[in-house]
Each structure stands twice: as structure tokens, then as C-alpha cells.
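Ligands are counted one by one from 1 in listed order, and the atoms in each one are counted from 1 as well.
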Amino acid sequence: QAKMSRPVQARRLEGIDKNIWVEFVKLAATYSKVNLGQGFPDFPAPDFLTEALTRALGGGNHMLHQYTRAFGHPPLVKVLAQFFEKLLGRDLDPMTNVMVTVGAYQALFCCFQALVDEGDEVIIIEPFFDCYEPMVKMAGGTPVFVPLRPNPPKDGKLMSSADWQLDPAELASKFSERTKAIVLNSPNNPLGKVFSRGELGQIAELCVKHDVLCISDEVYEWLVYDGKEHVRIASLQGMWDRTVIIGSAGKTFSATGWKVGWVVGPDRLLQHLRTVHQNSVYHCATIAQEAVAQGFQRELVLYGKPDSYFVQLPKELQQKRDWLVQSLDAVGMKPIVPEGTYFLVADISQFKSDVPDVPNSDEPYDYRFAKWMVKNKGLAAIPLSAFYSEAHKNNYTNFIRFCFAKEEATLKAANDILQKWKQEKSSS
Ligand code: PMP
């Protein structure tokens with residue numbers, strides 16, 4: 001091994017080198033019979049999308065195999081601009097108000113690198129998609145956490161993700177002159193919470209009052225259930241100029257492996273994201289962008305109609321959510337019914353006797369439980385405390401997150417495992 005007298009690792013990586021996904025993806029690959037862990041569908045992407053990709057690949061335009069415009073393949077930025085004009089009710093310039101990224105992941109990275117400076121504070125609402133924290137830190141910023149607090153459900157009902165709410169005074173107390181941005185993720189991964197217009201209004205008011213930017217991760221924008229409305233914070237008073245909207249074709253079209261994402265926002269913000277993008281990945285695969293553009297063209301024509309994928313997918317997923325809710329409720333792993341996303345968080349308290357606590361262990365209980373479950377029952381899920389900061393992790397160790405974007409057979413197999421487990425528990 002080469003010996004160097006100085007550290008090889010850049011200081012900005014200190015403390016962020018551990019990652020939940022590396023460990024749990026490996027565990028799921030090794031032990032799971034049913035994988036409801038990482039968030040991706042196990043059903044096929046829609047035919048119209050895969051057919052568009054095949055056409056792009058073998059069609060007459062060989063230039064689709066070459067570089068395209070760095071900030072987004074022209075047909076894709078054009079159709080995204082048309083789509084978001086409809087959603088936001090404002091004119092958009094495809095060249096300056098839209099940028100295509102390598103998944104929503106790179107969109108997030110561009111936002112933090114472009115907008116957050118050394119010493120800036122960034123407010124993150126807990127629980128959060130775990131990469132926000134290391135990305136803020138890599139940009140030199142300081143994450144400031146504010147938790148969604150669970151309120152007990154009314155009269156014996158199952159808890160809903162809507163029962164998890166911000167305390168307005170606590171939220172307000174996190175804003176200061178050091179605050180540069182807040183990260184909003186609605187619908188929220190992992191809880192499935194869909195922030196109401198009123199809740200978004202409170203956040204918007206604070207952003208305007210303190211001149212704070214909003215990084216709005218809306219990758220699950222179409223996955224909203226029970227007639228709930230996905231409200232875009234950028235459409236609220238005073239917010240367009242300070243908001244970057246982030247989206248993902250992976251979530252939108254059930255094709256997470258394509259890694260096509262985008263940002264939509266004012267040029268005054270996007271111009272800086274373009275600098276990061278230009279000097280890092282440059283652009284995302286042309287052919288995937290072409291196929292996603294065709295997918296959006298189809299959806300633009302079918303907008304709001306029953307045949308639209310954006311209407312059908314949530315309908316199917318709502319049914320799957322209900323199956324998983326029933327399976328979990330029947331065995332006493334109390335589900336928190338999500339209003340959106342394809343995730344569901346469940347309370348494991350009644351299963352604690354199977355995996356006893358080890359007092360003073362460094363490892364949160366839910367990590368141990370999820371590891372035990374995949375190894376002993378073959379069912380993979382993700383511990384909820386992975387979506388909390390180090391400081392607050394230990395307050396939320398009684399929950400695990402399941403992904404229900406799965407074939408009916410997968411959900412049935414999960415149900416079988418849970419039922420069998422329940423029977424073994426009651427006979428022991
Ligand atoms: N944001 C959230 C909230 C997510 O859950 C994910 C994917 N799990 C992403 C961003 C990243 O999306 P992509 O796969 O398009 O990079």
C-alpha cells in the first residue's frame with residue numbers, strides 16, 4: 001500500500017462516509033425473499049416509454065447516440081416547460097427555466113453546490129431523504145433540523161402521514177439571518193406525507209420574511225392518494241423567484257434506472273445550477289432524454305384524462321398501499337397510512353419481543369430489527385431512523401419503511417411472511 005504522510009481524504013468527506021444504502025442493499029441482495037426495502041418498482045415501466053426508447057435507439061436519427069445540449073435535450077426541456085406552464089400557471093422559457101439532470105439526485109447536488117456557501121444554514125425537515133444532509137455538508141453548509149411531530153390518531157383509527165406535523169413556532173425558530181435555504185420534500189419520503197396548502201403557506205411565509213430559498217423535491221408529485229392535492233410551493237405568493245422544483249422521470253414513469261431528472265425554476269437560480277452541471281456531469285444520456293420527452297408528449301395530450309399514466313399509476317399504487325396497510329394491520333405492525341409516495345412506515349413495537357433490545361448499543365433498535373427481519377424472515381425494509389439526523393435518530397427507532405411499488409405477487413409474498421410470523425408468535 002502506498003504510504004502518504006498526509007490524509008488522502010478531503011476534509012469535506014469527514015463524517016459522511018457511512019451510508020445506509022450500501023449496507024441494506026447488500027443485505028437485501030443476500031438474504032431477502034421479498035424486497036420491500038429500496039424504493040423502486042418491480043413492475044415494468046409503461047409500454048409507451050419503453051417503445052419510445054426502442055424507437056430512439058433503432059430509429060433513423062443516429063445523432064441520438066451523440067452529445068446533446070448540456071442543459072437538456074431540446075425536445076425534453078421544451079415539453080417539460082409546456083407541462084410545467086400548465087401546472088404552475090406561468091410562462092416558462094425551456095432554455096432558462098428548465099434543466100435536465102442525471103436523476104433528481106444530481107438535481108439536488110447542483111442545488112446545494114450552486115446555492116449553499118460555507119457557513120450557510122439549510123433547514124431540513126425530518127424525516128428526510130437521507131442524502132440531503134451529506135450534500136449540504138459537502139457544500140460547506142450546516143444542516144439545521146426540524147422534525148415533523150406525530151400527533152396521536154383520533155378514536156382508534158390508524159395513524160395517517162397527515163398526523164405528522166411541524167410545530168409552527170419550532171419551525172419559525174429555525175430561521176435566522178444565516179439561513180440560506182429550506183429543503184421541502186412533498187410528498188415526503190419516507191412518511192408519505194403530502195403537505196397541505198396551509199402547511200406550505202407557513203413555510204412560504206417564513207421563506208419570504210427571511211429571504212430564504214426553497215429547494216422543493218417533488219419527485220413523487222404524481223403519487224398522491226385519496227383525492228389529495230399536490231400543491232406546488234412555487235405557485236404560492238412570493239415563492240416562484242426563490243424556489244427550485246426538482247423532479248424525476250424515474251419516479252414519474254417507474255423507470256428509476258434511467259436516471260433522468262430535472263429542475264424547474266427562475267433563471268436567476270438556474271444559471272448557477274447550470275455552472276455546476278456544466279462542470280461536473282455535463283449532460284445525461286441523450287437517448288434516455290429523448291424517450292422521456294416522448295413520454296411527456298403523450299402525457300401532455302392525455303393530461304387529466306383516464307388513460308394518462310399520471311392518473312393510472314396513482315390509482316394502482318393506492319390499491320397496493322391498501323393491501324400493504326391491511327397486511328400490516330392484521331399482524332399488528334401498525335401502519336402509518338401514507339397520503340402519497342410509494343412508501344409506508346410501520347410501527348414495530350409489538351414485535352419487539354422477537355428482537356430484544358441491547359441496551360447501550362451504538363446501533364439504533366430499528367437497524368437491528370430490519371437486519372434481523374431480512375436475515376430470519378427474508379423480508380427487507382429500511383429502518384426509519386436512517387432518515388433522521390444523528391441528534392434525533394434515537395427518538396424514532398420503533399419504525400421501519402416499506403416500499404409498495406411492487407407486483408401483486410410480491411405484496412402477497414410479503415403478506416404470507418407476515419402471517420406466518422404472526423402465527424409463530426401466537427403459538428410460542
Ligand atoms: N428525492 C427523493 C425524495 C427520493 O426519494 C429520490 C429517490 N429515492 C430522489 C430524490 C432521487 O431520484 P433519482 O432516482 O431520480 O435520482
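In this structure, Phe129 has its ring center closer than 6.0 angstrom to the ring center of Tyr105. When ring centroids are compared, Tyr365 and Trp372 stay outside the 6.0 Å threshold. Ring centers of Phe310 and Tyr303: at least 6.0 Å apart, outside the cut-off. Checked against a 6.0 Å centroid threshold, the rings of Phe128 and Tyr388 do not count as neighbours.
Where the criterion is an N or O separation shorter than 3.5 Å, residue side chain and backbone included, Ala104 meets it with respect to ligand 1. Taking distance alone, with nitrogen or oxygen atoms compared against 3.5 Å, Tyr132 stays at or beyond that limit from ligand 1.
Given atom 14 (O) of ligand 1, the protein heavy atom at minimum distance is Lys259 NZ, 3.6 Å. Protein heavy atom in closest approach to atom 5 (O) of ligand 1: Tyr220 OH, 2.6 Å. With respect to atom 1 (N) of ligand 1, the closest heavy atom belonging to the protein is Asp217 OD2, 2.6 Å.
Short contacts between ligand 1 and Asn185, defined as distances under 4.0 Å to a heavy atom of the residue, involve ligand atoms 3 (C). Proximity to Ser248 (heavy-atom distance under 4.0 Å) selects the following atoms of ligand 1: 13 (P), 15 (O).
Ring planes of Trp222 and Phe83: perpendicular class, angle over 60° (limits at 30 and 60°).
Nearest heavy-atom pair, Ser385 versus Tyr396, reported as atom, atom and distance to 0.1 Å: CB-O, 3.6 Å.
Judged by the shortest distance from any of its heavy atoms, Lys251 lies inside the 4.0 Å radius around the atoms of ligand 1.
Contact annotation for Phe129 and ligand 1: only side-chain heavy atoms (C-beta onward) come within less than 4.0 Å of the ligand.
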Subject >> Verdict with supporting geometry, Glu363 and Lys371, salt bridge (Lys or Arg N to Asp or Glu O under 4.0 Å) >> reply: CA-CA 11 Å; Glu363 188 170 55; Lys371 284 183 188 174; 2.5 Å; yes

